K.L.:
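After the structure tokens below, expect a handful of questions from me.
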Protein chains: 2
Amino acid sequence: MGNVTIKDIASKAQVSAGTVDRVLHNRGRVSEKVKEKVLKVIKDLNYEPNLMARALVSNKIYNIAALIPDYQVDSYWFAPKQGIEKAEKDLQQYRVVVDQYVFNPYDVNSYIEKAQELTASNPSGILLSPIFYRETLPFFEKWKKNNIPFVLFNTDIIEHHPLSYIGQDSYQSGFLAGRLTEYGQADPCTILIAHIDEEISNAAHLMKKEQGFRNFFIQNNLVDKYNIIRTELNRNNFAEFTKQLDSLIENTPDLKSIFITTSKAYEIAAYLEHRHIRHIKIIGYDLLPKNIQFLNKGAINFLINQNPRGQGYWGIHYLAKHLVFKKEVPLLKYLPLDIVTKENLNYFTAEEETIYSE
Amino acid sequence: MGNVTIKDIASKAQVSAGTVDRVLHNRGRVSEKVKEKVLKVIKDLNYEPNLMARALVSNKIYNIAALIPDYQVDSYWFAPKQGIEKAEKDLQQYRVVVDQYVFNPYDVNSYIEKAQELTASNPSGILLSPIFYRETLPFFEKWKKNNIPFVLFNTDIIEHHPLSYIGQDSYQSGFLAGRLTEYGQADPCTILIAHIDEEISNAAHLMKKEQGFRNFFIQNNLVDKYNIIRTELNRNNFAEFTKQLDSLIENTPDLKSIFITTSKAYEIAAYLEHRHIRHIKIIGYDLLPKNIQFLNKGAINFLINQNPRGQGYWGIHYLAKHLVFKKEVPLLKYLPLDIVTKENLNYFTAEEETIYSE
DNA sequence: AAAATATTTGTGTTCGAACACATTATATTT
DNA sequence: AAATATAATGTGTTCGAACACAAATATTTT
């Protein structure tokens, strides 16, 4: 098992290795009779191609292009970049090279420009986070026409037949946040859902999180117990941001818990610290350094880690799986919703391990 | 980078490929002068052997032996077995074969017998959970003498120079359980640490968990707020088990939380359900089907997943990394402490993905 | 029926590393 | 100095799959 070779098949089917090869790859023409005979033997012997030999001989270089936001503009994107580079290193052996096309997440034109550059380079595969939805559509068309597989991550659009989407179940993560909030609040109180958003493109995401969060309380018959309110904050204007929060706090004396749908929980934590408020629990997203800092201080209670590094890593891996190993990849991969506290934090910030396989 | 071959080195160093090969493997004799010259070129060109070519030509079969408890006796061991089989499947390409030697975890003699069988088979590498410490020592000696690398998992003994230890940080997991308990109890109350143990061999483990748990409250100045008590229960005698719990519940009216240090949280959950007690929160370990059942019902609040499947998986992978790829593996690998609730459960029970790399 | 063309099948080289074996250079013995 | 031993280096085959090319059939055209 597992060590049947093309020659074995050839001899058993009484043909040459070349013919078996043609049958395997639908290359050249093979008579129906022979083809069926060979296919039967392949099936009977349970043939599995030796991927090492295959990779060795097909001396192709697979250049994957990654279209990603500049982490210097939004540090959230540092983790995917890391994941991408990790995967590249792991796959170097298989002649996989990743070119990064970095754009400014606040500048549509930069996005388009880089997407064009990327397309012009005619890569074997593409990984991207399509944060500008509308602008991405024409590229999807082009890539499909050129038979270039693309994998999406972070932003869930699966309508356009990517090779795969890798990301998070936003709704479920909100639902989970609901559980964590409820678990920490034995008594009735007010709970705030805060969207601290800078780009409209995230809106769909955030709404799903809010929905999941609210539905947790509905499904568990807790709507009478808790008063759930919402707000949208803009931290570009710091004075305004503070003012908004001040009035919220003042008008909501029984506010005990805040769920921040973006990775900006640290903004709220910093505000509360500044105002010396300690009785409000905070649940947020993502292991940004600033979030981690407040998590360690105890100012943030939980962070839901959506594994942005894993997203980059798996994105590249899936492309390689498809291109190099010609194996099927799942259309949808949801990464685990990790609940992170101060106490188990270091397991999620540590480097992942390289795996050798198949 | 990454595509320098032996021939490249040979031509640059003005020797033959055979000589380069001898230098690389310290095989045969090579004059000092030539050796140095070749080594310099290897370094200069930053040569990295092509693992595919290597694996292809070295037609060795690596038979790894796994000494594991029978999951039919204790279902905890089903997950490591799964992980082992997953890894075997992933590594099949590299001619890695895993033989499982299954013993009865309640029978030392069965353990010894299987360990002897395993040793007699003269495997290339060994994976084991040394749950009978004393009895394992002589085998360690033998294996070391025969240069057979062994990887330990689940039970933390690193004194005897295994290739690697893969497991969990028991202390830290107890500490984490402390956090989760405290987070769910705003008001002073009594907290119970319950050891439901059947084997002495686990004692060290369980004590570390208890220590971690207690230290959480000490370090956070919470000892005055909570009354922490402990008990050791034996579920072999069901009547006795129930009686003990009955008296505990009766004598501790403000008992609000139970931390079970073993994977037997479901026993307590079942008891509480039977007695119609709903106000006591439960934190336990491991995603056994019975635990999952109570987690889904809401009777168990959190399960800490110590990733037993991952332990088996990584154990085999590390051995392969060492044997097949001749790469260094970390002496110690702690797997993440996953916090599992009903809401994120399915991400941890799902099959892991196969990875292709290096 | 012979020639031309199309279809089917077989052979040989390649990828990079490992290792057996052959060959050459150097040292030691007689 | 010749014979022999030993050390140093080179050559060629192997692993399994892919693909170019060559050869052998079969089919069509003249």
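Since the structure is predicted, the reported quantities are computational estimates derived from the model, not experimental observations. Letters A, B, ... mirror the listed sequences (proteins, then strands); counts begin at 1.
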K.L.:
Considering every strand and a 4.0 Å limit on heavy-atom distances, what is the contact class for B/Val57: base, sugar-phosphate, or nothing?
P.N.:
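The residue B/Val57 makes base contact.
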K.L.:
With DNA chain C as reference, determine whether B/Ser58 or B/Arg22 sits nearer its 5' end, using the nearest nucleotide of each.
P.N.:
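Its nearest nucleotide lies further toward 5', so the answer is B/Ser58.
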K.L.:
Give a yes or no on whether B/Lys326 atom NZ has more than 12 heavy-atom contacts from other residues, nucleotides or ligands under 6.0 Å away.
P.N.:
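Result for NZ/B/Lys326: enclosed.
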K.L.:
What is the nucleic acid contact for A/Asn50, judged by heavy atoms within less than 4.0 Å: base, sugar-phosphate only, or nothing?
P.N.:
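Sugar-phosphate contact only - A/Asn50 comes under 4.0 Å of backbone atoms but never of a base.
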K.L.:
Does B/Lys37 NZ have over 12 foreign heavy atoms under 6.0 Å away?
P.N.:
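More than 12 within 6.0 Å, yes.
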K.L.:
Would you kindly compare B/Gly18 and B/Arg95 by the position of their nearest DNA chain D nucleotide and give the one closer to the 5′ end?
P.N.:
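By nearest-heavy-atom nucleotide position, the 5'-most residue is B/Gly18.
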K.L.:
Roughly how many Å is it from CG in A/Asp21 to C1' in C/dT8, rounded to a whole number?
P.N.:
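So the two atoms are 14 Å apart, to the nearest Å.
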K.L.:
So what does A/Arg54 touch, heavy atoms closer than 4.0 Å: a base, only the sugar-phosphate, or nothing?
P.N.:
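Answer is sugar-phosphate: A/Arg54 comes under 4.0 Å of backbone atoms only.
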K.L.:
Would you classify B/Ile6 as touching base, sugar-phosphate or nothing, given that sugar-phosphate means primed atoms plus P, OP1 and OP2, and contacts are heavy atoms under 4.0 Å?
P.N.:
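If one applies the 4.0 Å heavy-atom cut-off, B/Ile6 turns out to touch the sugar-phosphate alone, with no base involved.
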K.L.:
Whole angstroms only, please: what is the CZ-C1' distance between B/Arg29 and C/dT24?
P.N.:
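Result: 15 Å.
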K.L.:
Below 4.0 angstrom from OP1 or OP2 of C/dT9, is there any side-chain N or O of A/Ser31?
P.N.:
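Result: yes.
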K.L.:
Quick check on DNA chain D: between B/Thr19 and A/Ala17, whose nearest nucleotide comes earlier from the 5' end?
P.N.:
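Closest to the 5' end, via its nearest nucleotide, is B/Thr19.
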K.L.:
Earliest and latest nucleotide of DNA chain D, 5' to 3', sitting under 4.0 Å from a non-hydrogen atom of chain B?
P.N.:
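Contact span on the strand: D/dA7 to D/dG16.
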K.L.:
Fit a plane to each ring of B/Phe150 and B/Phe140, take the angle between them on a 0 to 90° scale, and name the class: parallel (under 30°), tilted (30 to 60°) or perpendicular (over 60°).
P.N.:
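Rings of B/Phe150 and B/Phe140: parallel, under 30°.
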K.L.:
Rounded to whole angstrom units, what separation is found between the CD atom of A/Glu32 and the C1' atom of C/dT7?
P.N.:
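In whole Å, C/dT7 C1' lies 14 Å from A/Glu32 CD.
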K.L.:
How would you list, by chain and number, every residue that makes a salt bridge (Lys or Arg N to Asp or Glu O under 4.0 Å) with A/Lys114, sequence neighbours excluded?
P.N.:
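Once residues adjacent in sequence are excluded, the partners of A/Lys114 under the salt bridge (Lys or Arg N to Asp or Glu O under 4.0 Å) criterion are A/Glu117.
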K.L.:
Where does the angle between the aromatic ring planes of B/Tyr318 and B/Trp314 fall among parallel (under 30°), tilted (30 to 60°) and perpendicular (over 60°)?
P.N.:
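Correct class here is perpendicular.
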K.L.:
Can you sort out the partners of B/Pro336 under side chain to side chain contact (heavy atoms under 4.5 Å, CB included), two or more places apart, ordered by chain and number?
P.N.:
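Only A/Tyr347, A/Phe348, B/Asp338 meet the side chain to side chain contact (heavy atoms under 4.5 Å, CB included) criterion with B/Pro336.
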K.L.:
Are more than 12 heavy atoms, taken from residues, nucleotides or ligands other than A/Lys144, located less than 6.0 Å from that residue's NZ atom?
P.N.:
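Yes.
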